[in-house]
Amino acid sequence: MNTPPVIGIHDLAVATGSRVLDLADLARATGVEPAKFHKGLGQDQMSVPGPDEDIVTMGAAAAAPILDRHGVAGIRTLLFATETGVDQSKAAGIFTHRLLGLPPACRVVELKQACYGGTAALQMAIGIVTRDPRERVLIISSDIARYGIDTAAEPTQGAGAVAMLVAADPDLLEIPTPTGIWTADIDDFWRPNDSDIAMVEGKLSIDAYLDAFTGAWDDYRAQGGVAASEIDAFCHHQPFTRMAEKAHRKLAEHTGVELGLDTFLPSTRYNRRIGNSYTASLYVALAAVLDSDDDLTGSRIGLFSYGSGAVGEFFTGVVRPGYRAAARRERTEALLDARIPISVEEYRELHRRVPRDTSTDLAVDPVSAGEFHFAGISGRARRYTRD
Ligand code: CAA
């Protein structure tokens with residue numbers, strides 16, 4: 001009998017908005033102690049997209065270096081996960097497909113279930129590659145977290161994208177079979193069709209996240225998953241990094257296993273600076289763990305994905321030998337350092353400028369430094385360009 005191929009994440013890259021707001025400035029402007037954001041929420045900054053940036057441009061920017069490294073051969077599926085959809089019908093991935101020059105022989109679809117969509121895409125991609133290990137699947141998770149101005153949720157905004165290539169014999173992370181899942185109908189966070197900001201019941205969302213975590217964990221163990229003591233590092237979905245710390249403590253309490261904060265803190269390195277990137281957030285955390293100083297070869301990483309509404313999934317990945325060869329940390333740090341610092345007034349102006357109305361044509365200048373731009377609206381359709 002043939003040994004089944006090892007399947008998992010072959011490559012991964014991060015992108016974000018080109019502007020950054022320091023949360024100390026937001027704290028001062030809103031009369032809040034900066035320590036509430038830095039310590040209480042565990043956030044330092046949040047990325048803000050420029051007027052010519054959105055989920056499509058960030059998604060393309062995340063995927064471009066992966067295609068530069070590996071080419072397009074074997075990519076017959078592009079899964080685009082987002083809860084910041086730009087059209088009710090057309091998948092955002094179709095714009096990205098053109099911008100990236102992917103071949104026509106490629107299925108493209110958009111996936112939605114709040115912040116969980118990227119993990120749904122990962123599980124589907126593994127299924128596709130299991131059926132035909134010659135195929136590779138490109139996943140793009142891209143989101144802009146937007147809440148109302150002057151709300152408690154305002155400091156937990158952010159913007160980012162992660163692209164991943166799923167393949168047989170992967171360079172980065174093998175994803176073994178046992179996975180734990182949990183779903184319940186809860187109104188903790190949602191975005192109605194007539195709103196471009198999310199509705200959120202803050203405290204309820206924290207409780208729902210923790211219930212989803214223990215529920216998914218129990219199912220993971222019931223499916224034959226390993227004990228918490230056998231997991232070397234953890235990434236939990238990070239709407240704000242303190243939430244992931246709460247989850248980590250909850251897992252320790254739930255399992256009775258002592259889980260030091262050192263097994264979770266490396267995962268917060270980038271998210272503290274990017275803010276919430278919804279579907280991308282968990283994979284931004286994974287990028288940070290893989291970029292940490294320690295040699296993780298052979299280590300098992302636990303990943304908890306949460307999407308309000310609500311779905312949770314816990315699974316693990318085992319780090320592959322040679323994963324450090326593709327230097328990612330330098331590129332990601334450079335990307336974060338290159339963002340343009342903006343004032344609270346500038347951030348609020350960008351917050352207000354998101355186009356809501358497609359009935360009038362709109363031209364948007366390519367003002368951001370990246371290669372991909374939202375160029376505006378004509379004939380009620382969105383237009384994109386690549387430099
Ligand atoms: N110094 C240090 N810490 C301080 C402080 C100070 N000066 N002032 C307050 N704090 C601490 C508080 O004690 C609190 O800590 P604990 O959590 O340990 O109690 C923390 O800062 C936050 O303070 P509050 O509870 O008073 O915060 P808040 O009510 O103003 O808002 C929030 C917090 C509810 C998370 C709000 O930001 C929010 O609604 N965010 C959006 C929803 C969200 O992210 N939910 C997470 C789960 S849902 C999910 O994961 C899906 C998703 O991506 C959205």
Side-chain angles (χ1 to χ4, degrees), residues 21 23-24 26-47 55 81-84 112-120 141-162 182-192 195 197-216 235-251 253 261 267-268 271-272 274-285 303-314:
L21 178 66
L23 290 188
L26 183 64
R28 276 188 286 272
T30 51
V32 171
E33 271 284 299
K36 176 174 176 184
F37 298 164
H38 295 312
K39 295 203 176 83
L41 296 177
Q43 290 302 127
D44 299 326
Q45 301 176 329
M46 66 189 197
S47 286
I55 54 159
T82 189
E83 55 178 305
T84 321
K112 177 178 71 182
Q113 181 11 63
C115 309
Y116 170 73
T119 301
S141 300
S142 183
D143 267 306
I144 300 167
R146 277 169 55 80
Y147 301 98
I149 301 272
D150 275 330
T151 62
E154 188 176 22
T156 65
Q157 298 177 111
V162 170
W182 182 95
T183 290
D185 185 356
I186 304 174
D187 289 337
D188 63 324
F189 168 108
W190 68 103
R191 185 166 67 82
S195 177
I197 55 169
M199 311 287 120
V200 61
E201 294 291 334
K203 303 294 178 203
L204 176 67
S205 73
I206 291 172
D207 291 343
Y209 177 123
L210 296 175
D211 287 348
F213 191 15
T214 51
C235 303
H236 314 296
H237 168 57
Q238 294 176 10
F240 50 96
T241 69
R242 262 307 294 300
M243 181 69 237
E245 184 188 323
K246 286 176 197 284
H248 204 56
R249 291 186 193 281
K250 181 78 181 186
L251 185 64
E253 182 193 302
L261 284 185
S267 71
T268 65
N271 276 321
R272 285 192 74 95
I274 290 175
N276 197 355
S277 57
Y278 293 159
T279 52
S281 158
L282 173 64
Y283 300 97
V284 172
L303 296 108
F304 173 62
S305 181
Y306 177 70
S308 288
V311 176
E313 178 154 356
F314 186 88

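Numbering of ligands and ligand atoms starts at 1, following listing order.
Ionic pairing of Glu245 and Arg249 is present here: one or more N-O contacts between side-chain nitrogen and carboxylate oxygen are shorter than 4.0 angstrom.
Residue contact annotation: Glu154 has no non-hydrogen atom under 4.0 Å from ligand 1. Ligand 1 is never approached by Gln238 to a heavy-atom distance shorter than 4.0 Å.
Polar contact with ligand 1: present for His237 (N/O pair, distance under 3.5 Å). Between Asn276 and ligand 1, a contact under 3.5 Å exists for at least one N or O pair. Checking only distances, Lys36 does come within under 3.5 Å of ligand 1, N or O to N or O. Considering backbone and side-chain N/O atoms, Ser205 comes within less than 3.5 Å of an N/O atom of ligand 1. Checked by distance only, ligand 1 and Tyr209 stay at 3.5 Å or farther apart across all their nitrogen or oxygen atoms.
Per-residue contacts place Gly202 under 4.0 angstrom from the following atoms of ligand 1 (heavy atoms of the residue considered): 34 (C), 39 (O). Each of the following atoms of ligand 1 lies closer than 4.0 Å to a heavy atom of Val200: 42 (C). Heavy-atom proximity to Phe189, at under 4.0 Å, picks out these atoms of ligand 1: 54 (C).
Counting protein heavy atoms under 4.0 angstrom from atom 34 (C) of ligand 1 gives one or more.
Looking at atom 21 (O) of ligand 1, its nearest protein heavy atom turns out to be Gly40 CA, 3.1 Å. Nearest to atom 1 (N) of ligand 1 among the protein's heavy atoms is Ala35 CB, 3.5 Å. The nearest heavy-atom contact from the protein to atom 40 (N) of ligand 1 is Thr156 OG1, 3.3 Å. The single protein non-hydrogen atom nearest to atom 18 (O) of ligand 1 is Arg242 NH2, 2.9 Å, given as residue, atom name and distance. What sits closest to atom 54 (C) of ligand 1 on the protein, heavy atoms only, is Tyr147 OH, 3.3 Å. Counting protein heavy atoms only, atom 31 (O) of ligand 1 is closest to Ala152 CB, 3.7 Å. The protein non-hydrogen atom at the shortest distance from atom 17 (O) of ligand 1 is Lys246 NZ, 2.4 Å. The shortest contact between atom 51 (C) of ligand 1 and any protein heavy atom is with Ser308 OG, 3.3 Å.
Side-chain contact between Cys115 and Glu83: present, with at least one pair of heavy atoms (C-beta onward) separated by less than 4.5 Å. Two residues are said to be in side-chain contact when any heavy atoms from C-beta on lie closer than 4.5 Å; Pro239 and Thr156 fail this criterion.
Residues Phe189 and Tyr278 place their aromatic rings such that the two centres sit under 6.0 Å apart.
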